[in-house]
Amino acid sequence: MRIPEWKKIAVIGSTGNLGRQTLDVLENLGLRDSVVLLSGGSNFTILREEARKFERAELHLFDSKAGEELERMLGRRVFKGLKDLELLLEDLKPDLVFVEISGLKSLKVVLKSLEISKRVALASKESLVVGGKFVLEKYKRMRDTELIPVDSEHSAIFQLLLGEKKENLDEIVLTASGGALRDWDLTRMKDARIDDVLKHPVWKMGKKITVDSATMVNKVMEIVEARYLFEIPFERIRALLHREGLIHSMVKFTDGIWKIHFGFPNMKKPIAFSITYPYRLRTDEKFIDPLKLLNISLEEIDRNRYPIFDLFDRMLNLPSSSFIVFNVADEIAVREFLNGRIPFSAISVIISNTVLRFDHFEPRDLKDVHEIDGVGRRMAEEEVEKWV
Ligand code: MG
């Protein structure tokens, strides 16, 4: 098996669910000694474990207190905060950077990574939701840097488009599992408990994204992600409910031909692809029987169950500050749901009310992005208070 020669690899978000799977894949590919940077949020226990295994790596935590704690435990330097991370990236110049963190901070990390590396493996959809046009601008300027999606649907689309001219692309269909409550009675769904929402039928992921799957906020974000990654207008991106999780997305070309990405749902596949591209892994695992295609279902998304799509339709007529407010309102609503302060059904309402209250405009720079995030955050917190 051939893979590109990676000398220095950074994993930003290594303590999260996806980050830990990424480290597994890197280890299996024999790349343990190429990992030069591990970065987490505040979980110093996990980062300490990882540091033991990936001995060559510099350590970073976004949370300063947690960073100091780990520094005391290990008796060595731990870098802290966003500024430190940007400096570290400049200093180490890893050739492959995984960006697997959530929230607004991912935008700056992606921009910096595009500047200094050969390849950015991108899982942080938020960076494209809050700053897609800035990421696209930078990506186009950095001609030698590749941007490879890690999100399963987008990795699928990226693979389906290999060898195709941009003008051949006519339509993208993103598949959606529907999350943990997809078959619940609508009246019961309003008061679903945290445990219920965290039982995802297909993927095992972090808490935030699992809640975002149940509301389909995740799918709305993925539509925006696809819009920027593949530069296709919103009218030509559609989401469909697909229960089996075997089709990871579909692409239609101008001659009416569809290509479908079909395989077992396993996040390690898109992670591995982002490392091995343009080569593929060799695996001796059991292959999926193509006869499974006989029992595959695709359904229109029910807007009574997923009202966030009604908001999304309205956002398409608003300047792109609406996506920034959408992102931060969701962050706060999900946090408060997981804190047990608001019911499940409040999440979509809080996001909608916050987005529709905001006086929208087109952000000119990152300063604008931060300002919109700040005002949106305060508004979302006010909307939460109406429920508690
Ligand atoms: Mg996805």
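Note that the structure is a prediction, hence the values are computed from the model and not measured. Remember, it's 1-based here, ligands and their atoms both numbered in the order they're listed.
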### Lys108 and Glu86 ion-paired at < 4.0 Å
no

### Query
Can you name the N, O or S atom of Glu222 that is closest to the Mg ion (ligand 1)?
OE2

### Query
Does NZ or CZ of Lys80 come closer than 6.0 Å to the centre of the six-membered ring of Phe62, within 45° of the ring's axis?
no

### Summary
Among N, O or S atoms, Asp151 approaches the Mg ion (ligand 1) most closely through OD1

### Proximal heteroatom of Glu153 relative to the Mg ion (ligand 1) (N/O/S)
OE1

### Salt bridge flag under 4.0 Å for residues Lys252 and Asp170
yes

### Query
Under the 3.5 angstrom rule, does the side chain of Lys386 hit a backbone N or O of Glu383 as a donor-acceptor pair?
no

